[in-house]
Amino acid sequence: MNEIDLDKIDMMGSPPEHEPERQYYFMAKCREWVREFEQKNGRYPLACIQTFGCQMNAKDSEKLSGILTTIGYVVTDTEKADFVLYNTCTVRENANTRVYGRIGYLGRIKRKENPGMKIALCGCMMQEEHVVAKIQHSYPFVDLIFGTHNIYKLAELLYRQINAGGMVVEIEQESREIVEELPSELKYGFKAGVNIMYGCNNFCSYCIVPYVRGRERSRRAVDIIQEMEELAKNGVTEVMLLGQNVNSYGKTLETPVSFAELLQRAEQVEGIRRIRFMTPHPKDLSDELIDVMAKSKKICHHLHLPVQSGSSRILKLMNRHYTKEDYLALVGRIRAAMPDVALTTDIIVGFPGETEEDFMETMDLVARVRYHSAYTFLYSPRGGTPAAAMDGQVLEEIAKERYDRLIGRIRAISQELAGEDTGKTAEVLVEEINAQREGFVTGRLENNLLVHFPGNEKLLGKYVRVKLLECMGFYYMGAPV
Ligand code: 5AD
Ligand code: SF4
């Protein structure tokens, strides 16, 4: 993607001021270092990126991987590498705890096996001051820390670290500019995420995202479409349009474009067969969007529509700007327009002040909507968010007991729903060789469910019609037809 000949870059002069030229200059500089490494060690250095959290982070990791590959690193899955980068998430506390444990483990490998190893941390967790302070104090062997607003600068920061030694820390509070046109290494050759906007302005009272990802910024529609065309040329057939709240796409652009309009333009891109998006906010999912989805041949009939709670009282405390009734009415409109739509959601259990009555409203909503699947989370207080300071924090054992009841109900419903398509024939995009079952591959249905069926690597990235033979809860066993 965006291949540039680093050999043509003048490295004698001072670094260019403008992006992305500046980063290509530093990539070329780092590549000199990589070549020296190769001469000394008889091999190219290995780099490992571990990604925590959401699709945004996964997308950022593809960009980071693209930069490292351009520099000359060989990307590997194992952490016994010469450069290990953790792209972190801080949406819930347990994500943070896991990262600290893993940094300690990396430190031991570095001490005992590879003193030249470089350890880098980036992503949402690093946007929190107390996290950076803790790492500086307790994990001094970390080499590089950067945040969510400057991932495009990896080469420049790495170059600085190589020359200066010690720990390089660069965190920005806001993005000064959106820097694109850098290399990107796709995890799959046939499907890709495309950022359409960055940041979030919603300030749901429990959520740390607006504080670590900054204010909403949309990319220009022409740039998004151009990226899709480029991807299609390179063999990508499925795209996932990414944003924290895709419904507010385009509002701040010089010439505003609605998300529904953007989808209609995306639909015109030749070679793209499936379009998905994440995440819409129920408060402003327009009828225009429902209409565009219903008429489209490419937009998958799957909506991930986070509800968070079924209690209107709690929704108000969460600052969600809709009631239980609003949400149910919206689901009604969506289903009327697309009877075959698969709905999934996110739910938080144990938000401050949640009573048994509130929780029963969530149980009731789940039974009425009938989700194909749902991600359920125990509320986790995040420092600096309004909810963390609210009265009535729910005891952990009460929250856990509610959580278990909710999962039970969700599971029962998704099993009933999934089974409904047994016996039908449907198209899947084959994504992976099945690791558990020899001679099987795994494909994804339009509605996001997985199907395992007999096949080999020749099918990867292909669209195959399969008969859905048996439903195993969250996936089907099938046979090609
Ligand atoms: N505690 C628990 N879950 C949370 N989420 C966001 N913030 C929190 C929190 N503080 C969940 C929401 C969101 C999903 C990505 O993570 O359900 O939709
Ligand atoms: Fe967080 Fe709400 Fe923004 Fe989603 S919409 S990222 S839950 S503030």
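Being a predicted model, the structure only gives us computed values, none of them experimental. Atoms within a ligand are numbered from 1 in the order they appear, just like the ligands themselves.
- Among S380, G350, C207, S205, the residue whose heavy atom sits closest to atom 1 (N) of ligand 1 is S380.
- Each of the atoms 6 (C), 7 (N), 8 (C), 9 (C), 10 (N) of ligand 1 lies under 4.0 Å from some heavy atom of V91.
- Checked against a 3.5 angstrom limit, the closest N/O atoms of Y379 and ligand 1 fall outside it.
- Contact annotation: the side chain of K191 never approaches that of R276 to less than 4.5 Å [non-hydrogen atoms, C-beta and beyond].
- Of all atoms in ligand 1, listed by their number and element, those nearer than 4.0 Å to a heavy atom of Q308 are 12 (C), 13 (C), 17 (O), 18 (O).
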**Request:** Take F377 and Y403 through the ring pair (Phe, Tyr, Trp, His ring centres under 6.0 Å) test and state the conclusion after the steps.
**Result:** CA-CA 8 Å; F377 305 105; Y403 182 86; 8.5 Å; no

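- For the pair R215 and E174, the minimum side-chain heavy-atom distance is below 4.5 Å.
- Between R92, H281, E93, it is R92 that holds the heavy atom closest to atom 11 (C) of ligand 1.
- Only the side chain of I348 comes within 4.0 Å of ligand 1, counting heavy atoms alone; its backbone N, CA, C and O stay farther away.
- Atoms CD1 and OH, on I314 and Y379 in that order, are 11.0 Å from each other to the nearest 0.5 Å.
- Taking 4.0 Å as the cut-off, L378 counts as a neighbour of ligand 1 on heavy-atom distance.
- Residue-level proximity to ligand 1 for F377 is carried by the side chain, the only part with a heavy atom below 4.0 angstrom.
- N448 and R444 form a side-chain donor-acceptor contact under 3.5 Å, judged by distance and modelled atom types alone.
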**Message:** What verdict does the side chain to side chain contact (heavy atoms under 4.5 Å, CB included) test give for H304 and Y375, after you've listed the backbone C-alpha separation in whole Å, the side-chain angles of each residue and the deciding distance to 0.1 Å?
**Reply:** CA-CA 10 Å; H304 184 68; Y375 297 91; 3.7 Å; yes

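- The ring of F52 has its center closer than 6.0 angstrom to the ring center of Y86.
- In terms of polar-atom proximity, R382 is not counted as a contact of ligand 1, lacking any N or O under 3.5 Å from an N or O of the ligand.
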